[in-house]
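To keep things clear, I will list the structure first and then write my remarks on it.
Indexing begins at 1, ligand by ligand and atom by atom, following the structure's order.
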Amino acid sequence: MKHLFFTAFLLFSIITNAQKFEGLAKTPPMGWNSWNKFACNVDEKLIRETADAMASNGMKDAGYEYIVIDDCWQVSRDENGNILPDPERFPSGMKALADYIHSKGLKFGLYSCAGSKTCEGRPGGRGYEYQDARAYASWGVDYLKYDFCNTDTQKAEGSYKVMRDALFAAKRPIVFSICEWGSTEPWNWAKNVGQLWRTTSDIMNCWDCKVNWGGMGWTLVMDKNEPLAKYAGPGAWNDPDMLQVGNGVFTDVESRSHFTMWAMMAAPLITGNDIRSMTPAIKEILTNKEIIALNQDSLGKQGYRWWTLEGNIELWIKTLSNDEIALCFFNRSSEVKNINIDWKKYFGKLDGKSYGVTDKTIIRDLWLKKNIGTTAKNLKATIQPHDVLTIKLSK
Ligand code: GLA
């Protein structure tokens, strides 16, 4: 009997010790990830310089905090199974790098994979989950992106739960970013597993291209992510992948549309460009605090396509705290478009809901960063091809 009590006590303390972390990623995580621009070409110099840039170029000020090293930092395991960073590229080791990033007031993220190998063939986490989680915690990792390559017959939900429990057991609060590309509909199971889950295959550096293995341009990623709005909320985000803003393909207009739509969708804002050397225009886009405020709004609602206006203008809506609303008119076409919005048509009669909008509601243009009138009059505007008009309505 005594024995039984002791076992029960032991089990109880193991379970209660495996702490859960409440309050992680209450708003969509913001940061930088190495993959989109640098792929496997990562080393500690790049990461330190990126941290220096984020801390001093206005990004930290605007809310960015995570510096995440994606695939290829790891090379092998030692005879005890400990995961080893590439000694040539990361000679100071991960703890020193994390300390450096923390000294800048930023947070540190790493990538691994639920399978036996990562997507780039580096050692994966399978069978080493608890050992790896302990290593990450001891280094000072704050964010783990966990991929799903080389998983053989593994089930995604179970695999991610094992790693989640390993992170709990390691007792360091670590944001857990699930990356199985939406293949097992994680929005149905991942809410208490990680704080964000990829909803699509990889984002490509193009407007609407498709590659045979599934990668696609940002507008197509957006289309796949949009219908999942109802699953998002504080601590549980749909992740349409990292931004391609500033990677040399898009015009500044297209870049700001991409950034705005990610903000409207309450997507994690993980930049994927070289933030050490941005053009002033790209820097201004990525640090527009009024657009970021939409994304970081405490209600945590994911915006969605509300109407499609004549001529292929999409009107997106995101409800905000303080009874405010963000609207984004997105001209997806390659022609200049004019809009003439009669507010009564959108708020009140047709939709049946007023969203608190009266004819005294103030309209603010979030890219012009100024108030442009009230809803008493029709909103008339010209929208360039691929551009957005992004406004906030408030009392
Ligand atoms: C997958 C992920 C990408 C990136 C690469 C790294 O394709 O979806 O985001 O992490 O692996 O190999």
Side-chain angles (χ1 to χ4, degrees), residues 28-43 46-47 50 66-76 83 85-86 89-90 108-126 132 136 141 143-152 154 156 159-160 163 174-187 190 193-206 209-218 220-222 224-225 228 237-247 249 258 262 265 267-274:
M30 293 177 65
W32 173 88
N33 173 298
S34 53
W35 184 254
N36 282 355
K37 170 74 183 174
F38 298 97
C40 274
N41 202 9
V42 285
D43 59 30
L46 167 71
I47 302 306
T50 300
Y66 294 102
I67 302 269
V68 183
I69 314 177
D70 208 282
D71 209 347
C72 302
W73 61 268
Q74 61 290 69
V75 276
S76 54
I83 187 78
D86 184 331
R89 288 172 174 266
F90 296 93
F108 179 48
L110 276 181
Y111 161 103
S112 186
C113 180
S116 54
K117 288 192 168 138
T118 71
C119 298
E120 286 294 323
R122 305 304 175 93
R126 181 176 180 172
D132 285 353
Y136 302 153
V141 168
Y143 182 110
L144 177 67
K145 171 175 169 183
Y146 212 50
D147 216 333
F148 205 64
C149 281
N150 302 302
T151 42
D152 194 19
Q154 276 174 256
S159 301
Y160 283 98
M163 194 61 204
I174 294 181
V175 169
F176 192 32
S177 153
I178 293 170
C179 178
E180 54 70 91
W181 322 295
S183 48
T184 63
E185 305 190 342
W187 43 91
V193 183
Q195 289 73 39
L196 60 158
W197 49 82
R198 281 273 297 276
T199 54
T200 73
S201 186
D202 290 8
I203 190 168
M204 298 285 100
N205 191 12
C206 62
C209 67
K210 276 187 188 163
V211 288
N212 56 11
W213 51 267
M216 64 195 116
W218 76 259
L220 303 183
V221 169
M222 176 189 83
K224 288 199 122 190
N225 192 64
L228 304 171
W237 308 105
N238 289 310
D239 175 8
D241 208 357
M242 298 147 330
L243 293 156
Q244 290 285 11
V245 171
N247 278 336
V249 165
H258 176 13
W262 261 233
M265 292 194 296
L269 295 180
I270 308 291
T271 53
N273 58 322
D274 188 345

Distance from [atom] to nearest protein heavy atom, with residue and atom:
atom	answer
atom 10 (O) of ligand 1	Asp70 OD1, 2.6 Å
atom 7 (O) of ligand 1	Asp202 OD2, 2.7 Å
atom 11 (O) of ligand 1	Asp147 OD2, 2.8 Å
atom 12 (O) of ligand 1	Asp71 OD2, 2.8 Å

Any N/O pair Trp181/ligand 1 closer than 3.5 Å = yes
Has ligand 1 got any nitrogen or oxygen that is less than 3.5 angstrom from a nitrogen or oxygen of Lys145?
-> yes
Number the atoms of ligand 1 from 1 as they appear, then name those within less than 4.0 Å of a heavy atom of [X], with their elements.
X	answer
Arg198	8 (O), 9 (O)
Cys119	1 (C), 11 (O), 12 (O)
Cys179	2 (C), 8 (O)

pair [X]-[Y]: side-chain heavy atoms closer than 4.5 Å:
X	Y	value
Ser112	Tyr136	yes
Trp262	Asp241	no
Gln74	Tyr111	yes

Do Lys145 and Asp70 sit within salt-bridge range, that is, some charged N less than 4.0 Å from a carboxylate O?
-> yes
Side chain to side chain contact (heavy atoms under 4.5 Å, CB included) between Asp202 and Trp181: does it pass, once the steps are laid out?
-> CA-CA 7 Å; Asp202 290 8; Trp181 322 295; 4.0 Å; yes
At under 4.0 Å between heavy atoms, which part of Cys72 makes contact with ligand 1: side chain, backbone, both or neither?
-> neither
Please state whether Thr118 comes within less than 4.0 angstrom of ligand 1, counting heavy atoms only.
-> no
Side chains of Asn225 and Thr199: donor-acceptor distance under 3.5 Å anywhere?
-> yes
Do Trp197 and Asn238 have side-chain N/O donor and acceptor atoms under 3.5 Å apart?
-> yes
side-chain contact (heavy atoms from CB on, under 4.5 Å), paired with Ile270, selected from Asn36, Leu243, Asp239, Asn33 | Asn33
